[in-house]
Structures are given as structure tokens and as C-alpha cells.
Amino acid sequence: MTAPTTTRTRQLWHGLADVPAELGPRVVTLGVFDGVHRGHAQLIGRALDTGRELGLPTVLVTFDPHPARVVGLPRDTAALSTIERRAELAWDHGVDQVCVLPFTKTFARLEPAEFVTEVLVERLRAAAVVVGENFTFGHRGAGTVDTLRWLGDRHGFRVLGVELVRGADGAFSSTYIRGCLRRGDLEGARRALGRPHHLDGYLTAGGELVVPEHTALPAPGRYAGRLASRCTEHTVDTVDTVDTVDVEVTPDGRLVLHLSRPQPGPAGLDLLATR
Ligand SMILES: Cc1cc2nc3c(=O)[nH]c(=O)nc-3n(C[C@H](O)[C@H](O)[C@H](O)COP(=O)(O)O)c2cc1C
Ligand SMILES: Nc1ncnc2c1ncn2[C@@H]1O[C@H](COP(=O)(O)OP(=O)(O)OP(=O)(O)O)[C@@H](O)[C@H]1O
């Protein structure tokens, strides 16, 4: 699964202003990709296959914050991953670039055809666009895979609408994983993610892991965790901790690690099991 990342560029573009003007054609895969779960992994695999077939690099486009939060839909949009970790996971799967598009109310008003012309064609030079069969885009989510196909015919890019990867409870989705966490079902989250749920934050001297606002935490309770790796903007550093740590999620949503001598600093935590 893990591609040889050393030969790849691993670029992170924050917004279209970061995209080089002289960019060559490429394969584009689109969506939120929060957590980079097993469905996302398969989709990325299809995008990479298409890139190999066409001899082109692959860019993953993600939206931040979650569109549903920006447009005010009544949905759980708690984040399964920071943008930095999302990018690390995407690079580990083999994509060349990650482009983070700031999702604002103004951006949400772009019509599907405007998004395709202004973002996919003029800026990202899409030769192929790879999305899940349920992908929607553009004002009020009006664009579908069929819309993309129609626009692809006009602009000369190919479109792949990929069948959704399913588990026992239906198609894997970030929403499903957030639900597992809310129920304290770490095993369900792990099955859909393909790895334990991971939290990035700052460990205080008092043993609290302070995570960014809107981070998806499991239900209040006691868990076994492992201080695993921490993400900086472009690297993941392995921390030499193999022992499991006792993790408490308090009723007011704080994350307390029961460590004898917490080392303050950036830290990453894998949540392994319910205690
Ligand atoms: C340009 C653009 C505009 C969008 N506008 C809206 C919107 O007005 N309302 C909405 O609920 N979602 C909007 N979305 C979000 C999409 O419907 C969709 O949730 C997002 O692209 C993630 O794709 P997926 O969840 O279908 O994989 C927009 C997306 C894009 C790219
Ligand atoms: N189970 C899946 N199998 C294959 N592709 C998927 C699957 N789920 C989502 N995708 C595709 O992956 C891309 C990113 O998906 P996105 O993160 O927006 O969806 P999601 O996982 O359903 O998230 P959320 O639940 O937050 O809406 C989109 O192109 C989407 O169609």
C-alpha cells in the first residue's frame, strides 16, 4: 500500500495561488478525504492507475473546512485528521501533490461548470478526474458524476466514477467513522480507516493532549492509546514509545494521558482499544 515516497514530490499547495502557473496536465482526484479511509485509499489507487496509464502525475484536491460545516448542514463534521496528516496519508498512498482549497461561502456558490473551468481546467490542467460514484460538487451540490462527464466531454478530460468500497455496515465514509467514534467503537473506526484513529495535538506538562478545535474524539471513557508519531508540515517523526498509555476522554471533551512524566510538545496518539 505504501508507495516509495522518496522519488515523489510530496508538494502541498494551499489554495490555487500556490499552484505553479506552468503546470503540466495531470490526473485529479477530488473530495474532502478526511481521515483517508479505505474507500478513499481505493479511489486514490484508481487515480494513480490512471496516472500511470496516461504517464501523468496525480494531484489530490481536498476542501477545508468541511463543506457541510461551511454551508451549515446539520451533519457531524468533526475532523478525523488535520490537513497536514491528510496530506501525509495521501502522499504515503502515492499522490504527487495535495491541493487544499479553502472552502468559503463564496466558493460554495460556484456553479458546477464554473468550478470545472476555473479550477479543474484552467488551474489544475485536468486530463482525467477520478471521483467516487456519489461525488457531488458546485452550488447546492448540484453537480454529479454525470455532470462531470458532460463537462469532461466539452473540455477534453476523462472522468472515472469509482464504485464505493463497502464494509459490513455499508459504504465506508468519514461520516460513518465519526459515528463509530461517538459510540466509542474504536474497532469499527479502525476497520473503516484501515488503521487506528489518530490524533495530533500538543501534549502539556500536565498530560493533556490539546487538539485543534473540531477534532473528532471518541465518547467519554477510558482507552488504551499509543504515542505514535507526530506530524509537522512535511514530516512524520517517529516517537520512541512502544508502551500503551491510559487515555481518558473527559465528559467535557478533554483528552488526558495518564503518563508518569509527560514530555511537553507536539504529539500524536493512536487510539487502540476501549479499556
Ligand atoms: C465549487 C463547489 C461548490 C459547492 N457548493 C456546495 C453548496 O452550495 N452546498 C453544499 O451542500 N455543498 C456544496 N459543495 C460540496 C459538495 O456538494 C460536496 O460535499 C464536496 O464536494 C465533497 O464531495 P463528496 O462529499 O460528494 O465526496 C460544493 C463543492 C464545490 C467543489
Ligand atoms: N467508500 C468509498 N469508496 C470509494 N470512494 C469513496 C468512498 N467514500 C467516498 N469516496 C470518494 O472519495 C472522495 C472523497 O470523499 P469524501 O471525503 O468527500 O466523502 P466521505 O468519506 O463520504 O466523507 P463525508 O462522510 O465527510 O461526506 C470523493 O470522490 C468520494 O466520492
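Ligands are counted one by one from 1 in listed order, and the atoms in each one are counted from 1 as well. Excluded from the calculations below are hydrogen atoms, water molecules and symmetry mates; all remaining heavy atoms, backbone and side chain alike, are included. Remember, predicted model here, so these are calculated numbers, not experimental data.
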Requested in this report: Answer yes or no: does an N/O atom from Gly31 fall short of 3.5 Å to an N/O atom of ligand 2?
Outcome: no
In this structure, atom 4 (C) of ligand 2 is nearest to the protein heavy atom Gly39 O, 3.4 Å
for atom 22 (O) of ligand 2, nearest protein heavy atom and its distance come out as Ser173 CB, 3.4 Å
protein heavy-atom neighbour closest to atom 26 (O) of ligand 2 works out as His66 NE2, 2.8 Å
Distance-only N or O hit between ligand 2 and Asn134, under 3.5 Å: yes
Note: ligand 2 atoms sitting under 4.0 Å from heavy atoms of Val131 are 29 (O)
Nearest heavy atom to atom 1 (N) of ligand 2, choosing from Phe172, Phe33, Tyr176, belongs to Phe172
Heavy-atom proximity to atom 3 (C) of ligand 1, picking from Gly31, Gly138, Gly141, points to Gly138
I'd like to check whether Phe107 has a polar contact with ligand 1, where a contact means an N/O of the residue lying under 3.5 Å from an N/O of the ligand. no
Short version for Arg178: what comes under 4.0 Å of ligand 2, heavy atoms counted, is side chain
In this structure, atom 14 (N) of ligand 1 is nearest to the protein heavy atom Phe103 CZ, 3.7 Å
Closest to atom 22 (C) of ligand 1 among protein heavy atoms sits Val32 CG2, 3.8 Å
Looking only at N/O atoms, are Leu164 and ligand 2 under 3.5 Å apart anywhere?
no
Looking only at protein heavy atoms, what sits closest to atom 18 (O) of ligand 2 is Val32 N, 3.0 Å
Note: ligand 2 atoms sitting under 4.0 Å from heavy atoms of Leu43 are 11 (C), 12 (O), 13 (C), 29 (O)
Practice prompt. Report, as yes or no, whether the 6.0 Å neighbourhood of atom CZ on Arg46 holds more than 12 heavy atoms from other residues, nucleotides or ligands.
Written response: no
Out of Leu30, Thr77, Ile177, the nearest non-hydrogen contact to atom 28 (C) of ligand 2 is supplied by Leu30
_Is the ring pair Phe103/Phe107 parallel, tilted or perpendicular, if the boundaries are 30 and 60 degrees?_
perpendicular
The protein heavy atom nearest to atom 21 (O) of ligand 2 is His37 NE2, 2.8 Å
Contact region, Arg75 to ligand 2, non-hydrogen atoms below 4.0 Å, reads side chain
### Message
Quiz question for you: does at least one protein heavy atom lie closer than 4.0 Å to atom 25 (O) of ligand 1?
### Response
no
Hey, does His40 sit under 4.0 Å from ligand 2 if you only count heavy atoms?
yes
Checking heavy atoms under 4.0 Å, the part of Leu73 that sits near ligand 1 is side chain
(Q) Taking atom CD as the centre, does Gln263 end up with more than 12 heavy-atom neighbours from other residues, nucleotides or ligands that are less than 6.0 angstrom away? (A) no
The closest protein heavy-atom partner of atom 20 (P) of ligand 2 is Ser174 N, 3.8 Å
TODO: Could you tell me whether Arg85 and Glu88 have a side-chain N and a carboxylate O separated by less than 4.0 Å?
DONE: no
* Is there any N or O on Thr136 that sits under 3.5 Å from an N or O of ligand 1? -> yes
of all protein heavy atoms, closest to atom 25 (O) of ligand 2 is Thr175 OG1, 2.4 Å
